[in-house]
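The first residue in the sequence is number 1, and the count goes up from there.
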Amino acid sequence: MAPSYNGNNPCHIRLRSVSSDQFDARIEEWRYLNGVHYDETVGSLAIEPGTYDLDGGSAVEVGRTVTDHTWSSVSFDQTFDTAPLVFCQAETVQGYHAIVTRVSDVTTDGFAVRLQEEEGRWPTHRTESLGYVAIEPGTGTLNGMTFEAGLMNLNNQWSHLPFENTYTNPVLLAAMQSFNGPDTAGLRHQNLSTSSVKVMVEEERSKDDEMYHGTEQVGYLILEAKTSTTSPHSGETIPKTPHAPNSVSPPTGSNFHPSAATPVLRASDVTDYGDVDYVADPFLFVEDGTWHMFFEILNENRNPDAPIGHATSPDGLHWTYNQVVLTKQYHTSFPLVWKYHGEYYMCPPTGRRVELYKAQDFPTKWTHIGNAIEDGYYAHDPTFVRYNGRWWLFTDRGYDNVMVYHSTDLEREGWTPHEQNPVVTNRLRAGRQGGRPIVIDGRLYLYFQDCVENYGDAIRCYEVTELSPTTYADTEVPGSPVLHEFGSGWANNGMHTFDPWWRGPEKGWRCAVDGVRAQESTEDLWTIGIVDIPPTQ
């Protein structure tokens, strides 16, 4: 099958433990790589073995076979009118070396199949069990789902595939039908939208750096996915990466006006930290339908003056304040929260240290586990994101210089500074972080505070167009700024935090924001709001 292209190291899908109601799946990198890969999206189709006639006239056969690294012949239980498209996938892990499944010589009566290990190894592999679906080219419906199946010619360059139908939530299955290029290769896809997708043949580089691949015939199957009733935010890692489907645009000011934001939490809602001056810096965390919010509480008459508070909501709109969940000996703010491999993390910055905390009892008990960085400047509002198999930390120096650090281990102390630090200089309009980084279609977006006129005056969105330990480039996206002052009420003097969470193709984004009144106001200075932003494609 064809995984998405969020991580650019060659990879493929591997299955095991296929049963009547579930299966295990993982992204498998080749053995010459480090085995750590970005989250990818892969389409799936589960059908019981047998032969079927679909609406629209296409014949289908589903079955199993076994093979190893040598070519095996598979005979169909029926004779197709036209040569079908064959989608074949290993369903066991008998041999621990990475493999792809290759198909060739597809006729109306059968096909040939083999397993293929990376070029740098002796090409042997133990026998694995494979499942296959053979379907005649055409369009129609499958169990009520619209589909189209066809052939295209592909090589190692991205090729655009327009769909005959328009889909709401399409799933792509793709598999090579030929063996014209003998080098080990799989398929990848990107820019999957309601009307098209890009696909390419991807070689691995265990033997050499050459990735050219001759033209192969590739079968594709586009299906309308069944809508899931489960929460999009569940499992061992939250939020998942990518943060939204590849067809979705990042939320910007083109999608909405900040006046659509509704205040949901004020200083007066905090009941356990005295006479609070304001609440600000909201970050959401959503798991299995429960919404959490972590935020800065400021009371200038308390010592410390700023702990981290927590609120909950059943829907992200109606919030109940719970309690202070983290108090340090000094001012604490900007509590970015996420879950990775079953552990909950928070980064509430402290002066010259970027401290990492882990939950001992989520969401109320947190323990300091180390400092990602400790430097000679005040590292404001740091953000963390996993991108291309590596952790990245973005912060600022003096509001107008962008600083970047990286690590392969989230909990490691003393992350490696970017070789070009500061990677951006003298950019007061977009130097200090202002919200959660997001990744869509392998593209990284950062939200920066605009501090030209005032601190926290607006939020701007930039796409990071180049990022490695030695290179960095970004550009402001159309529709930026995302947030800015408006009206005469709760946000008439600025907005400076933005945390977007994807809720699905029909719902779009639900985002935490904050806003500040003009300083002469005697009412709450900073207030937290929620805004829904419709999806755009």
Side-chain angles (χ1 to χ4, degrees), residues 1-19 22-44 63-74 86-105 111-133 154 156 173-189 199-214 216 218 236 341 388-390 408:
M1 298 302 106
S4 56
Y5 199 73
N6 298 320
N8 57 13
N9 280 342
C11 70
H12 49 273
I13 189 71
R14 195 76 185 267
L15 304 185
R16 70 175 186 182
S17 304
V18 178
S19 67
Q22 65 181 14
F23 60 88
D24 294 338
R26 66 171 292 229
I27 292 296
E28 181 178 62
E29 283 197 349
W30 298 101
R31 297 279 290 183
Y32 73 91
L33 297 169
N34 63 9
V36 178
H37 196 85
Y38 215 52
D39 292 344
E40 303 287 359
T41 300
V42 183
S44 64
R64 284 194 170 94
T65 188
V66 295
T67 194
D68 54 19
H69 60 281
T70 60
W71 287 105
S72 300
S73 296
V74 179
V86 176
F87 304 91
C88 197
Q89 172 68 46
E91 297 180 337
T92 55
V93 186
Q94 302 298 333
Y96 63 89
H97 287 288
I99 54 168
V100 289
T101 305
R102 296 295 300 271
V103 167
S104 70
D105 301 326
F111 62 95
V113 64
R114 61 164 290 193
L115 305 177
Q116 192 174 31
E117 288 194 353
E118 63 185 31
E119 291 182 71
R121 279 188 45 78
W122 186 256
T124 61
H125 196 86
R126 298 181 65 179
T127 299
E128 305 280 1
S129 176
L130 283 63
Y132 69 86
V133 176
L154 284 184
N156 58 294
L173 303 180
M176 284 181 274
Q177 310 291 293
S178 59
F179 196 73
N180 298 327
D183 288 352
T184 303
L187 297 174
R188 300 291 291 276
H189 81 266
V199 191
M200 76 164 182
V201 178
E202 179 186 60
E203 288 193 357
E204 48 83 28
R205 291 176 289 182
S206 60
K207 188 175 182 179
D208 52 52
D209 288 335
E210 175 271 320
M211 295 187 72
Y212 172 78
H213 197 92
E216 302 280 3
V218 173
E236 295 290 292
H341 287 178
N388 282 350
R390 186 184 299 266
T408 55

Within this structure, what is the CG-CD distance for the pair Asp105 and Gln177, rounded to the nearest 0.5 Å? 11.0 Å
Should the pair Trp30 and His12 be assigned to parallel (<30°), tilted (30 to 60°) or perpendicular (>60°) ring geometry? tilted
Please find the pair of heavy atoms, one from Ala90 and one from Leu15, that lie closest to each other, and give the distance. O-CB, 3.6 Å
Glu203 backbone acceptor or donor facing His213 side chain under 3.5 Å: no
Side-chain donor or acceptor of Ser206 paired with backbone N/O of Glu119 under 3.5 Å: yes
Taking every heavy atom of Val113 against every heavy atom of Thr67, the minimum-distance pair comes out as O-OG1, 3.5 Å
Any non-hydrogen side-chain atom of Ile27 less than 4.5 Å from a side-chain atom of Pro3? yes
Can you sort out the partners of Tyr212 under side chain to side chain contact (heavy atoms under 4.5 Å, CB included), two or more places apart, ordered by chain and number? Asn156, Glu210
Any chance you could lay out the side-chain contact (heavy atoms from CB on, under 4.5 Å) test for Tyr32 and Arg121, step after step, and finish with the verdict? CA-CA 10 Å; Tyr32 73 91; Arg121 279 188 45 78; over 6 Å; no
Can you give me the closest heavy-atom contact between Val86 and Tyr132, atom names plus distance? CG1-CB, 4.5 Å
4.5 Å side-chain heavy-atom contact, Pro10 and Met211: yes
Pair Thr184, Glu117 - check side-chain contact (heavy atoms from CB on, under 4.5 Å), show working. CA-CA 7 Å; Thr184 303; Glu117 288 194 353; over 6 Å; no
Using side chain to side chain contact (heavy atoms under 4.5 Å, CB included) as the criterion, list what pairs up with Asn180, not counting sequence neighbours. Ser178, Glu216
Nearest 0.5 Å, please: how far is CD1 in Ile99 from CD in Glu118? 12.0 Å
Out of curiosity, Glu204 CD to Asn9 CG, how far, rounded to the nearest 0.5 Å? 11.5 Å
Rounded to the nearest 0.5 Å, what separation is found between the CZ atom of Arg31 and the OH atom of Tyr96? 5.5 Å
For a quick test of reading the model, state the closest non-hydrogen atom pair linking Cys11 to Glu29 and the distance between them. CB-CG, 4.3 Å
Approximate separation, where rounding is to 0.5 Å, of Arg114 CZ and His69 NE2: 7.5 Å
By side chain to side chain contact (heavy atoms under 4.5 Å, CB included) - contacts of Val133 (at least two apart): Val60, Val62
Derivation of the side-chain contact (heavy atoms from CB on, under 4.5 Å) call for Gln89 and Met1: CA-CA 7 Å; Gln89 172 68 46; Met1 298 302 106; 4.0 Å; yes
Got a second to check how far Met200's CE is from Tyr5's OH, nearest 0.5 Å? 4.5 Å
Would you indicate whether the side-chain heavy atoms of Val201 and Leu187 approach each other to under 4.5 Å? yes
Ser104 and Phe179 have their tightest heavy-atom pair at CB-CB, 4.0 Å
Checking Gln94 side chain against Ser129 main chain: does a donor-acceptor pair fall under 3.5 Å? no
Report yes if some heavy atom in the side chain of Val100 is under 4.5 Å from a heavy atom in the side chain of Leu115; otherwise report no. no
For the pair Arg64 (side chain) and Leu130 (backbone), establish whether a donor and an acceptor sit closer than 3.5 Å, ignoring hydrogens and angles. no
Carefully, step by step, assess Glu40 and Arg188 under the rule salt bridge (charged side-chain N to carboxylate O under 4.0 Å, His left out). CA-CA 10 Å; Glu40 303 287 359; Arg188 300 291 291 276; 3.1 Å; yes
Looking at Arg126, Arg14, Glu128, which one forms a side-chain hydrogen bond (donor to acceptor under 3.5 Å, both in side chains) with Thr92? Glu128
